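What follows is one structure encoded as structure tokens, with my remarks underneath.
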Amino acid sequence: MANDVYLQVAVDVPLRETFTYCCERPLPTGTRVAVPFGPRRACGIVTGPSAPGGLDPARIRPVLEIFDELPPLPVSFLEMVAFAAAYYHHPYGQTLFTALPTALRQPGNVRLPDRRHWWLTPAGRETPPPAAHRARRAVWQALADEACTLAALRPLAPQASAILKAWLAEGRVASGEPAALSFREGPVLALNGEQQTVLQALAGALAQGFSAWLLHGITGSGKTEVYLQLMARVLAAGQQVLVLIPEINLTPQLIERFAARFPDTPLVTLHSGLSDGERLAGWVDGWQGRAGIVIGTRLAVFTPLPRLGLIVVDEEHDTSFKQQEGLRYHARDLAVWRAHQAAVPVVLGSATPSLESLANVEAGRYRRLRLTQRAHGAARLPEVQLIDMRRKKRTEGLAEESVEALRTAQRAGQMSLVFINRRGYAPVLACTDCGWTSGCPHCSSKLVIHLPERRLRCHHCGWDAPVPGSCPDCGNVDIRPLGEGTQRLEAALTAMLPEARLLRIDRDTTRRKDDWDQLYQRIQAEEVDVLVGTQMLAKGHDFGSLGLVVVLNADSGLYSADFRATERLFALLNQVAGRAGRADTPGRVLIQTQWPDHPLYQALCRHDFDGYARTLAEERQAARFPPYCSQALLRADAPDLKDAMAFLDRLREALEPLAEGIEIVGPAPALMTRLAGRERAQLSFESCSRQRLQHFLSEAVPQVEAAARRASRSLRWSLDVDPQET
DNA sequence: AGCACGCCGACT
DNA sequence: GTCGGCGTGCTC
């Protein structure tokens, strides 16, 4: 056997290195193969040619099988994988395999859907089958109209495949790749002056290489219409568009809008809800250039697109763009890298841009465009009012004013929304009288209650204190965790509004696939007076006109242990408020709070995003938190917290000498012990220089790996670069 | 991560 | 006497 060529092959294992195999012939980089790996057969991707080097040639085993149903993966794809692996300090093989659809991760052949188009030859066109042969006639008729895929013909005649085979042999039909992307644009909406200015700026950037744009447009300002008209130009030029959206926004209504606008452009959606086969088909359609539009959640950022002309990231501030396990990538950041690689513009759109993106604007890396008016001339911003809960009579957490407003709205025939904030719930202690909260004496974090031990702990620096019996500021004994008392809210609402038709929307009531459709129909049919729900209701779905929005438990996000909580709360409340009064009536938003003077609420009432963003930015700058420093978290978990802490303690000591220009904070117990039976802790690395932090991490990771090998097998660790949740 | 090898407790 | 617990070590 002449196994005379050596290859480097990446395998899906948590090891930093690639492996050397031999093969009878050279294989191009990006070829998918099956290789023997220890006692098993694994899927591998060829990453390049290789020499045996110091390796004993006897240990080098031959490639078992070469999969050639698809061409080798493009170099640009492998480059992005290499970047992501390096930046997030994740093993190359595992990074590569997370970027691939599941079907391509297995060491076996894949079956691709038949996308060939069939059409009649001149001979075939002249010989229509007799009308009595209904199946053949139907197929012929369809082909006489236009070229079709087999999938399109099957509904007309189940035996379409056999018919085509016979006709092919007789020279009556031919098949091949579909014609190049045709382009047709459905009815466009008129743009207002602002939208036109924005579109012109963006259109001017097309075909001009890389540029990054932050499109900051208030809710209802018509960002989507701008995307669509910009996309039209890209698609008309025969290029592809990648659109990334948050998980929750991937609704049939949104896809329908894109599909209706570009009726002849093949559109592919990619998200985690697809079957392996569907996901593979969409991915390959993008890669082979058949799809003009690829629209999907964070995982879609990896789709190879040979004629990429534009990337759009909608709701760029949304946290679902950050993957929270395994390769902890941020799809928005990879999208910007990718736009740079492909030399195309990237548009990041949001009503409430992330502080990260605003800082990038400040630094001159992104350019900002604004939409400050609602697209429909008459639509006004909602009126936001605060209900001071400090001296209010309340029932089950509801102020009498809120109940009264709900009654009034119902009588006026308007639909209301009661929004319960459960996001970022971490029990921070607060005084119900003076507004004192449990701040950490050593850093700018909040102390969190750990009930089993009755302790207050700082999850940032690790400070630990007993729970006080009364307020340290005013002596009031009524101190309790923020956010308590919303559990029985639905029952209370039913009792207080007996004549209103309530509809609760949350994970439980929308568990099954068609649940949401049914609820949605009830809303459309105006069979609902009061919607009650959480996060799910804040974004995405359009309920038509909401007359009133009541927000409960917003305060729990105000004084949170996570320094990003206020940024998220502000974005969330903005979004909820944007649900009110979208049509021609201005809506009303009521927020129940113990801190009516808090700058966040004050800014919300004034609709002053810029002012509050500036305040937050100054706070972050003063505390040297991201985006004014680069951060990475080393997380560890074990059945027992002290094992995780001891592991991080040892590492802190070992890494200190390498940490020039790096601040190491902690270790500290993590905010929430997520998985039952496992406890988590974390060590934070912070630096004013991203490069320096990267360099440090490159040196630190091998040490972490070594320490983990020495530690108990039950200890697990992960590194989170640019963490979103701290 | 898998998977095998290896060395100590309660079962036919 | 053996089945099986999971500690430890390797994968070209």
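All of these numbers come straight from a predicted model, not from anything done at the bench. Below, chains carry the letters A, B, ... as their sequence lines are ordered, and counting in each starts from 1.
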Any residue meeting side chain to side chain contact (heavy atoms under 4.5 Å, CB included) with A:I255, in chain and number order, not counting sequence neighbours: A:L250, A:L267, A:T269, A:I295

Validation: residues 651-668 of chain A side-chain donor-acceptor distances under 3.5 Å, sequence neighbours left out:
residue : atom : partner : partner atom : Å
A:R652  : NE   : A:E656  : OE1          : 3.3
A:R652  : NH1  : A:I664  : O            : 3.2
A:R652  : NH1  : A:G666  : O            : 2.6
A:R652  : NH2  : A:I664  : O            : 3.3

At under 4.0 Å between heavy atoms, what does A:I60 touch on the DNA or RNA strands: base, sugar-phosphate, or nothing? sugar-phosphate

Listed partners of A:R105 passing salt bridge (Lys or Arg N to Asp or Glu O under 4.0 Å), at least two apart: none

Partner set under side chain to side chain contact (heavy atoms under 4.5 Å, CB included) for A:P627, not counting sequence neighbours: A:L355, A:E356, A:A359, A:R620

Interface with DNA chain C, restricted to residues 36-45 of chain A and to heavy atoms under 4.0 Å: A:P36, A:F37, A:G38

First and last nucleotide of DNA chain C in contact with chain A, 5' to 3', at under 4.0 Å to a heavy atom: what are they? C:dT8 to C:dC12

Do A:Y329 and A:F321 have ring centroids that are under 6.0 Å from one another? no

Considering residues at least two apart in sequence or located in another chain, which fulfil the side chain to side chain contact (heavy atoms under 4.5 Å, CB included) criterion with A:N360? A:R365, A:Y366

Identify all side-chain donor-acceptor contacts of residues 63-86 of chain A below 3.5 Å with residues at least two apart in sequence or on another chain.
residue : atom : partner : partner atom : Å
A:E65   : OE1  : A:R41   : NH2          : 2.8
A:E69   : OE2  : A:R32   : NH2          : 3.1
A:E69   : OE2  : A:V110  : N            : 2.9
A:E79   : OE1  : A:Q341  : NE2          : 3.2

Cut-off 3.5 Å, no hydrogens considered: what does the side-chain donor-acceptor table look like for residues 296-304 of chain A, sequence neighbours left out?
residue : atom : partner : partner atom : Å
A:R298  : NH1  : A:E247  : OE2          : 3.1
A:R298  : NH1  : A:S320  : O            : 2.7
A:T303  : OG1  : A:A300  : O            : 2.7

Which residues pass the side chain to side chain contact (heavy atoms under 4.5 Å, CB included) test with A:A636, sequence neighbours left out? A:A644, A:F647, A:L648

The complete set of side chain to side chain donor-acceptor pair (under 3.5 Å) pairs with one or both residues in residues 46-63 of chain A, sequence neighbours excluded, reads A:Q8-A:S50

Within residues 698-714 of chain A, residues whose heavy atoms come under 4.0 Å of DNA chain B: A:R713

Separation of B:dA1 atom C1' from A:E17 atom CD, nearest Å, is 13 Å

